[in-house]
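Inspection log for the structure reproduced underneath, given as structure tokens.
Any value given below was found using the heavy atoms of this structure, including those in side chains, with hydrogens, waters and symmetry copies removed. Chain A is the first sequence line, chain B the second, and so forth, proteins listed ahead of strands; every chain is numbered from 1.
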2 protein chains.
Amino acid sequence: MAQSDTVDRILDAAEELFAERGFSETSLRMITSKAKVNLAAVNYHFGSKNALIHAVFARFLTPFSATLETAFDELEERCDGQPPTLNQTLWALTESAVRMPQRNEKGISIFMRLLGLAYTQSQGHLRKFLEQEYSEPFGRFMRLLKEATPELSSVDRYWRIQFMLGATAFTMSSSDALIDILENKLGVETTVQEIAARLVPFLAAGMKAPDKMLVPPTNSGVSVA
Amino acid sequence: MAQSDTVDRILDAAEELFAERGFSETSLRMITSKAKVNLAAVNYHFGSKNALIHAVFARFLTPFSATLETAFDELEERCDGQPPTLNQTLWALTESAVRMPQRNEKGISIFMRLLGLAYTQSQGHLRKFLEQEYSEPFGRFMRLLKEATPELSSVDRYWRIQFMLGATAFTMSSSDALIDILENKLGVETTVQEIAARLVPFLAAGMKAPDKMLVPPTNSGVSVA
DNA sequence: GTCTGTTTGAAACATACGTTTGAAGGCCTG
DNA sequence: CAGGCCTTCAAACGTATGTTTCAAACAGAC
């Protein structure tokens, strides 16, 4: 119990604090005092603050990427031969994320926010770590997207994938704040699962949108509906 | 020339560094050495680091919100009575942003990234500053969006606006890098205006997407096209 | 029980930060 | 050219950070 208890307590506290405040804004002293362990424990068990950040991500991301691979396997098997549709691909991703075993009730939302922060806060070391550690499931997801949108030119698909990434990373990175605002303003409670259920159709519709608009509608707007 | 030169040099350096690295990750010493001014100049001219952050935003946002108000005025006048369409509203916004006089070639993309950071990094003071300083044009944009999407529930609209914000802020914030990647990979040159021309239809299609999906299509994907 | 390797503990380390100070410099008004 | 005001400058302040140190506590094996 000795080691694993301390290590897990640090990871739990770090995960939560990073998600709340970002990486640079969270000090090791905040983490160790929340985890009720000695300050030196972080450097003893992980080596450095950056390595702790990596460990926080790895604890979730490694099982998740395995789950995701399985989901993609099943999806491709079900479609035997046929490439999966865009909706199926997006759902395989979100389903895998939502179905992950969660340490507590906040589990998934905390991690979504961390992923958003990883993309947003330019922590060079983190991006490098994620790229070289999880490039395979990411590349596979890209391949599926390409097969699901054969009608798009490479350039259009490129930009629309960026738009999807942006909407997702941005929303998830501030999901807690957004959920709070929504509850205060409209008195509605929301879960991350519900956000995902709203996000996927939005993304799918955007990916399948009519062509790039060439001339701004200065005197007569071209309706989309 | 004495004061204004120092003040502007600080603002230029701060703007660029904040956009590159975020707020907490950028020190006053980085800013002052990039601007080639004395360290104390920031606290002398602005009072504090937080006030400098506010000034960086105000320098762009104040003229922009004026331009935007004019654009909305013209739009509503053109539509006399009729609420502007979603496309028209989105175009009024992006046109105003793109048409702003820019200090340098990076102008617009730097500021988009800053806006994204303002939303993402939980800088309480910044959000408070922006809310109480620019609530009017923001509220007007929201009102126009509401009138352009009467078919959406408040909650659906809220989330889809977040998705739009995310796709925009994220894409624009890294537009330089993305443009470079695209040129290297596919040999295609792009401008920020072209990105906007691709982004607006994507956003409009997302806003007008069919309802929130309640059940994941586990064995037969519901196509959107 | 004693020894060995691992884990914790309190304290200190060096460094970086935002901010303040007080003297020196420059510029315009009289 | 003298005085006053705004600006710059080098230096220091106090505080907070990530990391290191080394002794104490602990565990399990013999």
Applying salt bridge (Lys or Arg N to Asp or Glu O under 4.0 Å) as the test, list every pair that has at least one member in residues 28-42 of chain B; sequence neighbours left out. B:Glu16-B:Lys34
Return each pair, listed once, that meets salt bridge (Lys or Arg N to Asp or Glu O under 4.0 Å) where at least one residue sits in residues 38-52 of chain B; pairs must be two or more places apart or across chains. none
Going by side-chain hydrogen bond (donor to acceptor under 3.5 Å, both in side chains), name the residues that satisfy it together with A:Asn38, two or more places apart in sequence or in a different chain. none
Partners meeting side-chain hydrogen bond (donor to acceptor under 3.5 Å, both in side chains) with B:Ser153 (sequence neighbours left out): B:Asp156
Distance, rounded to the nearest Å, where A:Ile31 contributes CD1 and D:dA16 contributes P: 17 Å
For A:Arg21 and D:dA16, give me the distance from atom CZ to atom P, rounded to whole Å. 13 Å
Walk along nucleotides 11-22 of chain C from 5' to 3' and tag each nucleotide B, S or - by protein heavy-atom contact under 4.0 Å, base first, then sugar-phosphate. -B----BBBBB-
Please identify each residue that fulfils salt bridge (charged side-chain N to carboxylate O under 4.0 Å, His left out) with B:Lys146, with sequence neighbours left out. none
Taking only the side-chain nitrogens and oxygens of B:His45, find out if one of them lies under 4.0 Å from OP1 or OP2 of D:dT8. yes
